[in-house]
Structures are given as C-alpha cells and as structure tokens.
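Just follow the structure's listing: the first ligand is 1, and inside any ligand the first atom is 1.
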Amino acid sequence: MTSLTRLNLDFKSAFERAFPECTQLYQGDFLANTGDNYTWKGAPRLTKELKLDSTEIAEKIRDQFLSDEGEIKSIHSGIIIVAIKVGVIIRKLEYMHADSDRLGVQLSQNPDRVVIDFSSPNVAKELHVGHLRSTIIGESLARILEFLGNDVFRVNHIGDWGTQFGMLICLIKYEQMDISNLDLSDLMKCYREAKKRFDNDPEFKAQSKKEVVNLQSGDLEAKRMWEQICQVSRNAFQKIYEDLDVTINEMGESFYNDMLEPLVRELLEKEVAVVSDDAVVVHCDESAPFMLRKSDGGYTYDTTDLAALNYRIDTLKGNRLIYVVDEGQSQHFQLLWKAGEKAGILDPRKIQTTHAEFGVVKGIDGKKFKTRSGEVALLKDLIQEAKEKARETFKKRAEKDGEFYNEQSADILGLAALKYADLKTSRQRDYVFNSDQMLSFKGNTAVFILYSLVRIHSIKEKIGKPVSNTPFALNDPKEIALGLHLTQFDEVLSRVATLLEPHHLCDFLYQLAVKFNTFYQHCKVQGTPEEDSRLRLCDLVGKVGTLGFKLLAIRTLEKM
Ligand code: ARG
C-alpha cells in the first residue's frame, strides 16, 4: 500500500533526507537512460564536499529508497545508476488517474489548524508592488495547505488604526470634503497633503492630535469618518483581490482595540512587562525592547501583534501560525514570539510560528521597483501592465499566424504571467520584474506551461474519443521519464507545505511541461498501438498541470 500512495522515487528528496546538512549540494536531475535505469551525475562534487567515498554516499542514499521501488545499481566515475522498476511507476499512475479529484494526493494524517496572515495592506494607501508578493504567495500557500487537509484560516491584518487617522480626519473636515465621493487614490493624496500640513502647521498638528483622541474615545463623528475611510480602502482592495482570485478575512489592527489595555495591565501585573521612561516594554533580549505602550500612552504595532498572537492561539485555536510578510520585519517577529513566550501566550512546543519572509521586487535597473516618476509602483498598475502587454503580444501573434485570440484569455494569460514570475522565484530571493520576459513562450514562464496544457486539449480533441482505462504501458525512456515525474506530485506538495515555498511547485510544473514536450516529440500518440495508453498519459499530465496551477491560484485555458 505505501508504495502505491507515496513513492520514494524522488531522488532530490532522498538526497535531502540522507544529507540534511548539505541539501544545497544537490545538483541535477534524473536522466532517463535505457529501459528502467536512471543516471545521476553528482558524486564527484559530493565526495569532495562530504569527505566520503562514492560507495558510502550511495549506501546512504540507497537507504532512502524502498527496496521494491528502485535500487542503486552502480557508481562509476561519479555517475550513479539507479534502476527503477517501471511497474512501480505504472502502479502509482493508475492510482493517481483513478482518483480524479485528488490525483493520488493523500490528506494529511496530522492536519494543523493554520492561521495564515498575508496581504495585510494599510488603509488609505494603495496596495503596492510589495503587497503583490505577500498576497499571491499567501494565497497559494493557503490553497496548498487546505488541499492537504489542514484547517486554514486566512487573516488580512490590515493597518486600519493609528495616528494617521487624526491627520486625515482633520484635513477632510478643514476642506469640507465628502468622503463618499473619494476613491483610494484621492485618499492617498489627502494623506500626503495632511502629512505636509501636520509637519508645517502647528495648529493643524494640534487639531489632528485631538482627532486621534476623539477617535480613540469613541466620538461618533470621528468614528463615522474613520469607517468611511476604511470602506473606501476596502472597496479598492477587494477589486484587486477579485482580479487575483484571492479570498481573505479582514481582521485588522482595530479588531484588537479593546484587548490592548487589559493585556498590557496583565503583563505589568505579572511583571513580564516593565515601565521604562514612562513607556511599557518587554525586554526579550539585548536588542531593542518590545514596545507595549509609548510614553504618551499610545499603543503600537507591537501591542496589536501580541494581542493578535493571543487571539490566533486562544480563540482561533491555531497551532501553526504563518506570517507572509517582507523580510524587513524579521526582527519584529522574532521579538514578538519571544515576548509571547515570556508572557505565557506562546508555547513553542505546541505552536509552530513561521515568518514566511520574502525578498523585494526590483526593476530592470536592479534597483527597488519604481515607476518612471520615481514613485513606488502600485499593484493595480502592474496588473494593468501585465494585461495590456498580454493583449498586445497575443493579438500580434494572432494577426501573424491566424491563431485564436480573445481579450478575456489574454487577460488570464497576463495575470498568470505576473503571478507565476513571482511565485517561481525562491521566496527569500529578490527578483527583477520584467513584463516582456514573463510573457515569453520559451523558458520557465506560465505562458510556456499553459501552452503545453492547451496542446493536450487539442491532442484529445483531435483523437476525438474518450480517455479509456487501458492500463498504462511505459516503454519509451521519454515516456518513463514523464511518468516518473508525474509520480512526484504529492511529494512536491508536501515539500511546499513544509517549507512554505511555492517555487517548488512551479519547478515541478515547468519540468512537467518540458518532459511532456520531449515525450510528445519522440512518441507518436495518434494512430499507434500505444494510442490509448499515451492518450491517458497526456490526460493525466493535463489534470496534474491544471490542479497544480489551481493550487497556485493561476487560471488555465483550453485554447490559446
Ligand atoms: N500592515 C503591515 C505592513 O504593511 C503588515 C502587517 C503584517 N502582519 C502582521 N501581523 N504584522 O507593513
């Protein structure tokens, strides 16, 4: 049974298990040889780095394979020959194809209650390029964790509270503006203007501070204006989430307002927190203290996050807490968890916390991505650019080659290209935003992979008969290589769920497309004795590819 549901034929995972401390040394891929032998060239570098001879290396890796699945046959000048039983691959493919919804991916035996914090923009500010990463990495992680059977709660920890509202309300009152006529970009302009006046006009500053106090003490007029400002922002965020196929629950900073005062009081009583220069802090280590209350009595980002940590554990019952937030906040989260531990809120033996941090998006010039006028690039503009570029590219192609074109499909491709280019980059690394490259038909792009899936639709259409249950027969090495790759789908999903790195799924889908194209070049499908089995293999590639993309929150097409 185990060999049917989970094959250990993934050499990379076997290597990682055998040498957990040297995973970065793994290079290369299985290369299909003849019959059911696979070769792997990696040993010369390893023998040097690990100070083991190649037989010892082979021994260690051999232990990671189940004996009825594959076997290391020999090692010769750095080439490891692994024999894989094709029958085992076939058994797994049968199992996957019969399981049309889950494609052989089993539900987790120990599901977690996951609380994942992502996107989390600030009210009265537009989503910018930095939010692209958090939003789409978060959405795809949530989908994958859910698919594996975890109970996932998605949190949008929006910045909807703080002193900036005093300035905004003050300006809106001074200028007698009607908030219901404003959109988010007007609010952004107001915010800039208010900031300028706050810094230069003492009367405006004093009035703004008063408005903060009004808002905090529940003044009805201030509260109403604050709600309107939040609603304008919410509408704009929602439009982007719909475009990106993102679902998330708003539970912003203001949600915790009533919990802050009792929390700080309790921590003072327990002597976890101390008063220092009129402020209330928790000393976690030698670095900056965790600030619970400023000397002017105001609560901070830290206070809210500690209350949120408590809520996520205590009320939401999360046992795996994930924060998809840029790498710049890594120290904040380290301190938050230390403070949480000290306060008795977080028991690290029971609760797993992860900062799924990510690097920055850069422009072609290698600097932080900005618009031509030097401003931070807005997410809505990037989405627009991706769609427009896709329309232009695919229209041109349609005019030249008489290919199919419609605007809706071009928009889907534009969004797919944008999301994939981001997700395929290892989370921690920075990457360069290049709208021409991401729409290329060649290389590791969404367009290339989606095109391969479309090709499968047209093969099926051309053959024009239903996919049968004829047993898989893998004979050609290219066919075996494709089959072997398909069997690794469940391994890849669990790797993403463990490491919280969606790029492993992107790599898998890219390799799937590459292996499928090689197979299709070498192995004729229509009108051969293998037609039924090969049609079925194509069908399975299509299903795995489509599900894979769905888990990345990327739409697929039947035609392009
Ligand atoms: N609003 C914050 C920002 O834009 C991100 C919040 C992340 N989540 C959290 N629980 N701190 O930087």
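Ion pair Asp245/Arg143 not flagged as a salt bridge, since none of the NZ, NE, NH1 or NH2 atoms sits closer than 4.0 Å to an Asp/Glu carboxylate oxygen. A salt bridge links Arg391 to Asp411: one of the charged nitrogens lies within less than 4.0 Å of a carboxylate oxygen.
Within 6.0 Å of CD on Glu250 lie more than 12 heavy atoms contributed by other residues, nucleotides or ligands.
Ligand 1 is approached by Gln329 to a heavy-atom distance shorter than 4.0 Å.
Taking a cut-off of under 4.0 Å to the non-hydrogen atoms of Tyr301, the atoms of ligand 1 that pass are 2 (C), 5 (C), 6 (C), 7 (C), 9 (C), 11 (N).
The one candidate from Lys189, Lys195, Arg197 that meets the side-chain hydrogen bond (donor to acceptor under 3.5 Å, both in side chains) condition with Glu193 is Arg197. With respect to Asp243, the side-chain hydrogen bond (donor to acceptor under 3.5 Å, both in side chains) criterion is satisfied by exactly one of Gln384, Gln238, Lys387: Lys387.
Taking any N or O of Asn122, backbone or side chain, at least one lies under 3.5 Å from an N or O belonging to ligand 1. Considering backbone and side-chain N/O of Asp117, one or more are found under 3.5 Å from N/O of ligand 1. Taking only nitrogen or oxygen atoms, main chain and side chain alike, Ser120 reaches within less than 3.5 Å of ligand 1.
Side-chain contact between His157 and Arg312 is present, with at least one heavy-atom pair separated by less than 4.5 Å.
By the criterion of a heavy-atom distance under 4.0 Å, the side chain of Phe333, and not its backbone, is placed next to ligand 1. By the criterion of a heavy-atom distance under 4.0 Å, neither the backbone nor the side chain of Asp326 is placed next to ligand 1.
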